[in-house]
Structures are given as structure tokens and as C-alpha cells.
Protein chains: 2
Amino acid sequence: MTLTDLRYLVALARERHFGHAAERCNVSQPTLSVAIKKLEEELAVTLFERSAADVKITDIGARIVAQAEKVLLEAGQIKEIATAGRDPLSGPLKLGVIYTIGPYLLPHLIPRVHAAAPSMPLLIQENYTARLAEALKRGDLDVIVVALPFEEPGIVTQAVYDEPFRVLLPAGHGWESEERIPASRLAEAPLLLLGAGNCFRDQVLEACPLCRSGEGLQRTLEGSSLETIRHMVATGAGITVLPSAAADPLPGGNSLLTVRPFTTPEPFRRVALAWRVTYPRSGAIDVIRAAILDSPLQGVKPVGRGSPLPVG
Amino acid sequence: MTLTDLRYLVALARERHFGHAAERCNVSQPTLSVAIKKLEEELAVTLFERSAADVKITDIGARIVAQAEKVLLEAGQIKEIATAGRDPLSGPLKLGVIYTIGPYLLPHLIPRVHAAAPSMPLLIQENYTARLAEALKRGDLDVIVVALPFEEPGIVTQAVYDEPFRVLLPAGHGWESEERIPASRLAEAPLLLLGAGNCFRDQVLEACPLCRSGEGLQRTLEGSSLETIRHMVATGAGITVLPSAAADPLPGGNSLLTVRPFTTPEPFRRVALAWRVTYPRSGAIDVIRAAILDSPLQGVKPVGRGSPLPVG
DNA sequence: CGATGGCGATAGGCTTTAACTATACATGGG
DNA sequence: CCCATGTATAGTTAAAGCCTATCGCCATCG
């Protein structure tokens with residue numbers, strides 16, 4: 001029993017004439033004749049009473065035809081679903097973002113994605129890089145926004161932008177007079193850091209080798225966030241380093257904080273999109289990338305696909 | 001897209017492993033692999049993300065699998081329906097009976113058929129032979145009970161029983177003294193007859209050539225029934241001829257009527273079943289025949305299939 | 001009553017396809 | 001860097017699906 005057989009069956013039930021039904025199915029009369037006969041043998045029931053005068057459907061045949069119509073209808077739905085789902089911009093996209101990007105990117109990203117792809121709702125998760133990577137590989141996420149380097153088997157990445165780091169000082173801090181701060185001086189101050197698991201923490205420590213070797217005055221705030229640290233800096237608990245998108249918007253009406261760039265070469269992070277090589281909705285990823293680049297993230301510099309990652 | 005493809009699809013969605021899914025479908029891994037690939041091409045969507053690690057279903061794939069399961073379920077119903085309907089004794093049987101048999105046969109027939117085939121309800125229509133024949137050919141009826149001769153293209157008949165005719169006299173009628181009445185004498189009395197269309201009327205006239213030639217005193221009662229005529233005989237309006245099944249049960253407590261057989265050769269009618277040659281539920285017909293023969297119809301003689309129809 | 005025409009069944013042959021085995025290729029892990 | 005695992009591809013064979021041609025049945029009509 002095939003779907004073709006069922007199509008022949010309902011055609012014959014409608015036409016009550018082998019020739020006409022065959023024509024409607026674009027096959028020859030013997031084809032339809034044989035198919036119906038085989039179907040009757042397979043089901044071991046007589047579906048039609050044939051006579052010279054006309055073709056009558058049996059009671060059991062009528063019931064089976066009704067069911068066959070249901071099957072064909074449902075089968076047709078498959079094509080419908082496929083057609084509707086063919087658009088990569090249709091259907092929800094599961095997006096992961098690291099904690100140190102989410103709060104600054106998402107408010108801009110979400111409306112832009114919605115404008116570009118109205119039928120692609122975003123299901124967003126913020127988490128550590130490692131957790132996002134797991135979820136991505138499991139299939140719980142489709143695309144993630146992380147900082148490079150990010151290497152995982154089966155995962156491809158695409159750099160989107162470089163984001164310089166800034167020094168955040170409490171107002172009135174001694175370094176306020178400096179136009180730019182050398183990264184090496186971070187070891188001199190009480191540096192407030194995010195907890196382990198945040199890649200941004202590692203990148204800050206990488207920018208300041210002395211801090212990393214434990215010679216600095218840094219203090220780790222487990223389970224905290226950049227926003228919390230910012231408030232702590234404002235109260236004079238220490239200084240910190242923020243990515244530009246988090247730091248640059250600040251001084252606006254906030255007289256308790258001062259932002260200073262680093263001296264060149266500025267430490268920075270390269271932010272990238274990552275997805276499974278096998279992920280089929282590349283169009284959706286393009287939309288995400290475009291929306292990120294369209295977002296007003298202060299201080300960031302777009303990165304072409306070919307740009308090499310300079311030594312951090 | 002075939003039902004087989006959908007089975008492969010569902011199996012793969014369950015197993016998330018081409019090899020295992022193929023095994024479950026009793027086919028080789030390449031077979032399933034190719035089938036899925038073709039399905040994806042046909043639908044122009046990616047249903048699964050394949051990687052060395054594992055097989056992940058896409059969102060659109062999951063929706064299509066759900067629909068495919070629905071299709072397979074409905075398709076399975078077809079086999080169920082066929083299996084359930086394979087029994088010829090299952091499902092209603094549309095039975096037609098001529099007016100001059102119905103009232104005497106049906107009260108016996110119905111319970112017997114119900115006992116023999118509880119899941120074969122009878123849908124009964126009483127009518128003239130011509131109307132029954134039409135309905136039978138149209139397919140509105142499946143089997144009819146008529147009197148022979150009955151010849152229609154595409155229709156086969158099977159004699160069931162012979163039923164002799166009786167003379168019905170009002171009590172006190174002069175012929176009461178006679179043991180048996182010769183058919184020729186019917187022309188001497190006011191003979192009450194059914195209207196045209198009733199085959200029984202014709203058969204009575206055939207038994208009495210003088211009546212037929214219009215030399216008798218017969219009176220036709222259009223739109224009437226044997227029961228009505230019987231009451232009229234009781235009131236002394238005339239005499240009539242009844243089939244034995246209608247006549248023989250009468251004298252019991254009815255002192256107003258007298259029944260007399262004819263002299264040999266007794267006029268009689270041969271009652272038969274008729275159905276379309278193409279009608280597939282021969283088992284149902286056998287049940288009807290058996291139930292008729294089991295019914296206590298007074299005076300009737302069962303007829304073997306081979307019995308020739310004697311000249312009426 | 002035999003000829004005719006419509007219609008479904010059957011036969012024979014061709015093309016497509018669905019299946020198998022064997023093997024190549026890709027990937028993550030030791 | 002090679003191996004184990006798992007999927008894709010190639011090549012072959014058997015079956016299926018379809019077509020054309022034709023048969024056989026029945027009903028109608030001259």
C-alpha cells in the first residue's frame with residue numbers, strides 16, 4: 001500500500017470509472033486497474049463492484065476511501081510544513097550569549113532581529129562560554145555569541161567585532177589625570193574581577209601578566225556581574241576593567257565613575273558567532289550577524305571574516 | 001514521498017542513528033541513508049543534522065516527523081478497517097422484500113439473521129418487484145426476496161422455496177364443503193385482487209386463465225394489501241387467493257374465514273433471492289437463505305439450487 | 001440476432017527505483 | 001597520527017510501476 005495507490009483509490013471512488021480516474025491521475029487505465037486490484041488483494045477486501053454498466057463502491061470500500069482521504073490530507077500537510085519551514089528566517093532561533101555581552105548587546109539586537117526576521121523569535125540564554133558550548137553541541141542552542149578563542153570539534157566560528165577594554169575608576173581616583181592607562185599598571189590597584197568561568201576574567205588577567213602571576217591586588221567576586229562590579233567601583237571598593245560596550249556609555253550622567261582607555265596596544269576581545277557545522281539555517285545566522293553589526297556598541301570595530309586574530 | 005520513506009523518517013527520529021534505525025526497519029544502513037536524503041531533497045529542507053558524534057533532528061524535521069507519525073497512524077487505520085470489514089457478516093445488509101412476502105417472512109427472518117450474524121443489521125425495504133430490481137441494480141439494495149421469474153442483466157437469482165396458493169373464503173361460503181378447489185372455478189366468484197405492480201396478482205391471474213381474459217368477476221383493489229383483502233373477504237365482499245404463508249396460519253381463531261387448497265396441480269410461486277453478480281458478500285446471502293429456510297412459513301417447500309421451475 | 005462499441009482485465013516489455021554489498025570518506029578519541 | 005565509529009557513495013540486481021496492445025464481457029442497436 002503506497003500513497004500512490006491511495007490516490008488511485010480515491011480518484012476511482014470519485015469518478016466511478018477506471019478510465020476517467022486514470023486520466024485524472026495521469027496514468028493509463030491498466031495501471032490504475034492493476035493498482036486497485038493489488039490493493040484489494042493486499043487488504044483482502046473487495047473495494048469496488050465492477051460491472052459493464054458502472055463501478056460501484058462497496059460499503060467497506062467507502063469506509064476505506066474515507067480513511068485514504070484522511071491519509072492523503074495528512075500527507076499533504078507534510079509538504080505544507082516543509083514549504084513553510086523552508087525559510088531559514090521562520091521558526092524560533094535558540095541564541096546563547098555570554099554574560100559579559102548579553103546585557104549590552106541584547107537590548108539592541110532583539111528589536112533589530114525582530115525587524116529583519118519577524119517570524120523568527122529568539123529564545124535567549126545567557127551563560128558561561130563552557131555552558132553555551134555544551135548546549136550548542138547538544139542542540140539546545142543554535143547559535144552562540146562568545147569571545148575568541150573558541151575551538152570546539154564540529155563547531156565553526158565567525159568573528160564579528162573587536163571590542164577594546166577600558167579601565168573603570170571611581171571618580172576622583174588618582175589615575176583620572178591620565179589620558180590612557182598602561183595595562184601593566186592594573187597590578188598596582190585593587191582590581192575587582194569576575195569569578196572563574198567568565199572568559200572576560202581570563203582575558204583581563206591575560207592583558208596584565210603581573211595580575212595573573214598573583215602579584216596584583218585583585219579580588220575575585222564569584223557569582224557576580226559586570227554591573228555589580230561597576231557599582232562596587234562607584235563606591236570606591238576598587239577599580240575594574242570593562243569591555244567598551246559596557247564602559248563607554250557610562251560617564252553620561254554618572255559622575256561617580258570615570259572611564260579611561262588603555263595605552264596602545266589596547267587589550268581587546270574578539271567577539272564571534274559560533275554554530276554547529278551542520279546547522280542548516282545559515283540565513284538565520286547572517287541575520288544575527290547583521291543585527292549585531294547594526295547595534296550601537298560603543299568602541300567596537302567590525303571584523304571581516306578574514307581578519308586574523310592578533311596576539312592578545 | 002512514500003509511506004516507506006515516512007517509516008524510515010520516524011525510525012531515524014526515534015533512534016537518532018542511521019544504522020539502528022535501518023535495523024529496526026529491516027533494511028541496510030545505505031538504504032535508509034539514501035531514502036532520508038531523497039526525502040530531504042524532495043521537501044527541500046534539512047530534516048537531520050548529521051555529524052560523527054550523533055544525529056540531531058532539526059526543528060522543522062521534528063515537526064515533519066510528528067506529521068509523518070500522524071500519516072502512518074491513519075494509514076494503519078486502513079488495514080484495521082479492512083480487517084474488520086473482511087467478515088461478510090459484519091456491516092449492514094440492505095434487504096428488499098416484495099409486499100406479499102414481507103409481512104409473513106420478516107417477523108421470522110429478522111431474529112434468525114440477528115442470531116446468526118449479530119453484527120449484520122438488516123436495512124429493510126418492502127416494495128414492488130420492479131422497484132426492488134431498480135434499487136438492487138443501483139446498489140441501494142444488496143439482496144432482494146422476489147418471486148420468479150425474475151431476469152435482469154447483471155443479477156443472479158437463487159430459488160429458495162415454492163409456496164402454494166390457497167383459496168380464502170368467507171365462513172359459510174358454498175365452497176366450504178369442497179376439500180380442494182380447482183383454479184378454473186375462481187372465475188365464478190367475485191375475486192378480490194391486488195393492484196397492478198404486485199407480481200402476486202399476475203401469478204393468480206395466470207393460475208386462472210378465465211379470470212385473465214376478463215371473463216371472471218374479479219375486482220382489483222389498487223394500493224391495497226393482502227391483509228386488507230383478507231378483512232374484506234371476512235366481511236363477505238368476495239373471495240381471494242393467498243400464498244400459503246399468509247393463508248395457512250389463519251383459521252386458528254378466526255371463524256370468519258375458511259382456507260382451501262387448490263386441486264393438483266396446485267398453483268404456486270417460486271420465491272428466490274436475487275443479487276448483483278458482482279456483490280462480494282456471498283456469505284451474507286447464505287445467512288439470509290438459511291434464515292428464510294429456517295423460518296416456519298406454512299405450506300412452503302424448500303427448493304434445491306438445481307430444481308427446475310415447473311411450468312406455472 | 002449478429003454487429004458494434006464501451007469498458008475493465010490481462011499480457012508482454014520497458015524504465016525506474018529501491019534494495020543490497022562493498023567501499024570510500026569524515027570525525028572525534030586514544 | 002592512526003584507529004574506531006558512523007555516514008555517504010558506487011555499482012549491481014531484483015522488483016515495481018507503468019505503458020501499449022489486446023482480449024473478453026456485456027449492453028445496445030440496426
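Residue numbering restarts at 1 for every chain, and letters A, B, ... go by the order of the sequence lines.
By the 4.5 Å heavy-atom criterion applied to side chains, Leu123(B) and Leu93(B) are not counted as neighbours.
Counting only heavy atoms from C-beta on, Ser33(B) has its side chain closest to dA8(D) among dG6(D), dT9(D), dA8(D).
Checking each of Leu12(A), Leu39(A), Ile57(A) against Leu47(A) for a side-chain contact (heavy atoms from CB on, under 4.5 Å) leaves exactly one that passes, namely Leu39(A). Partner Leu6(A) forms a side-chain contact (heavy atoms from CB on, under 4.5 Å) with one of Gln67(A), Lys70(A), Glu69(A), Met1(A) and no other, that one being Met1(A).
Between the side chain of Arg16(B) and the backbone N or O of Ala13(B) there is at least one donor-acceptor pair closer than 3.5 Å. Between the Arg276(B) side chain and the Leu141(B) main chain, a donor and an acceptor come within less than 3.5 Å of each other.
Counting only N and O atoms by type, the side chains of Arg269(B) and Thr100(B) include a donor and acceptor under 3.5 Å apart.
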Going 5' to 3' through nucleotides 17-30 of chain D, assign each nucleotide B (protein heavy atom under 4.0 Å from a base atom), S (under 4.0 Å only from sugar-phosphate atoms) or - (no protein heavy atom that close).
-SBBB----SS---
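Along DNA chain C, the stretch of nucleotides lying under 4.0 Å from any heavy atom of chain A spans, 5' to 3', dC7(C) to dG28(C).
The minimum heavy-atom distance linking Val271(A) with Glu163(A) is given by the pair CG2-OE1, 4.2 Å. Contact detail for Ala117(A) and Val287(A): the closest heavy-atom pair is CB-CG1, 4.4 Å.
Residue Lys37(B) places at least one side-chain N or O under 4.0 Å from the OP1 or OP2 atom of dT9(D).
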